[in-house]
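Below is one structure; the comments refer to it alone.
Order of listing sets the numbers, starting from 1, for every ligand and every atom in it.
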Amino acid sequence: MPSFTFVSAATAVVLRGGVPVFVDINPVSLNLDPAAVEGAITDATKAIITVHYASVGTGIDRLVTLCQRHGLILIEDAAHAVGATFEGQPLGSFGQMATLSFHETKNVISGEGGALLINDPELIARAEVISDKGTDRARFERGETQKYVWQDVGSSFRASELTSAFLLAQLEEQDAIVARRRELWARYHIALESHEIRGGLLRPNISQSCGTNGHIYYVLLSDEDKRRTLIDGLKAQGIHAVFHYVPLHDSPAGRRYSRTAGSMAHTVSIASRILRLPMHLGLTNVAVDRVVTALGETLGKPSDG
Ligand SMILES: Cc1ncc(COP(=O)(O)O)c(C=O)c1O
């Protein structure tokens with residue numbers, strides 16, 4: 001799995017007694033580098049967990065082939081990728097399993113929440129039991145058994161009805177949400193082209209095969225000092241721009257519970273140079289233009305780093 005990601009997937013592995021093995025990303029797609037993944041496979045490898053960073057599916061076809069060749073399970077962390085596609089196929093439908101996030105920062109939200117997508121029918125029955133405190137209550141509710149009992153180690157993973165009702169309304173608006181976010185994304189992208197040409201920053205470079213969902217707009221700066229200057233410059237104009245992720249292999253729990261395989265150079269470099277620009281459904285075109293202007297003004301100033 002990548003180190004350039006959020007902690008949820010790594011923690012899930014550790015909770016079940018596994019060891020997350022971190023592999024470097026491709027510096028263009030910011031997704032797992034399939035060649036580095038192949039080099040990291042050992043007899044102990046059980047699964048590959050990939051992240052579709054910023055809803056970009058680049059590399060998923062190669063990971064599918066790799067998993068088939070090595071008999072491994074493919075799990076997609078599709079937290080960023082609701083409504084996105086690769087070569088026309090929805091992200092989250094390539095691996096045996098995929099996870100979605102409905103955290104408030106995502107495109108489609110329920111406050112907190114998520115979903116497990118299961119593409120292998122053989123895994124469904126057990127997942128149902130695990131999600132419902134380890135019982136076969138779902139079978140009982142379908143009239144398939146007279147009583148429900150403790151079958152497995154589970155937990156309370158089902159969403160409440162209130163959460164589900166909120167989520168349903170969001171899902172019904174998903175196409176409109178994605179369309180608007182894509183508009184905002186494209187507005188940033190066009191407006192920042194001249195800054196890229198002048199060498200001030202790099203914009204996302206996304207292959208034609210990817211149908212993205214506008215979840216994140218990021219730029220890459222030359223170094224961490226330049227990013228700090230930009231964050232401060234934007235902040236001075238009331239604009240909140242953030243970055244992520246602190247590489248998991250370099251975090252306190254990561255050092256305790258996981259290991260790396262191969263170089264982490266791209267992970268470390270990207271994590272120090274990436275800057276996410278404001279992106280949410282309430283953003284107006286005028287606000288995007290204001291961010292771009294503020295960014296241009298700050299880029300024009302010499303970095304104090
Ligand atoms: C790649 C990735 N996976 C998972 C998550 C978290 O999902 P949740 O908070 O629903 O576990 C995030 C962001 O919050 C993320 O960026």
Review point. How about Y188 and V291: do any of their side-chain heavy atoms sit closer than 4.5 Å?
Key: yes
Check your understanding: Should the pair D223-R273 be classified as a salt bridge under the 4.0 Å nitrogen-to-oxygen rule?
Key -> no
Review point. Thinking salt bridges, do R158 and E128 make one under a 4.0 Å N-O criterion?
Key: no
Review point. Are any of the side-chain nitrogens in E38 or R62 under 4.0 Å away from the carboxylate oxygens of its partner?
Key: no
Exercise for review: Assess the side chains of Q96 and E122: does a donor N or O sit below 3.5 Å from an acceptor N or O?
Suggested key: no
**Study point:** Lys/Arg N to Asp/Glu carboxylate O, D136 vs K147, below 4.0 Å
**Key:** no
Revision key, fill the gap. By chain and number, the residues contacting ligand 1 below 4.0 angstrom (heavy atoms only) are T5, F6, S8, V51, D77, A79, H80, S101, K106, G113, Y245
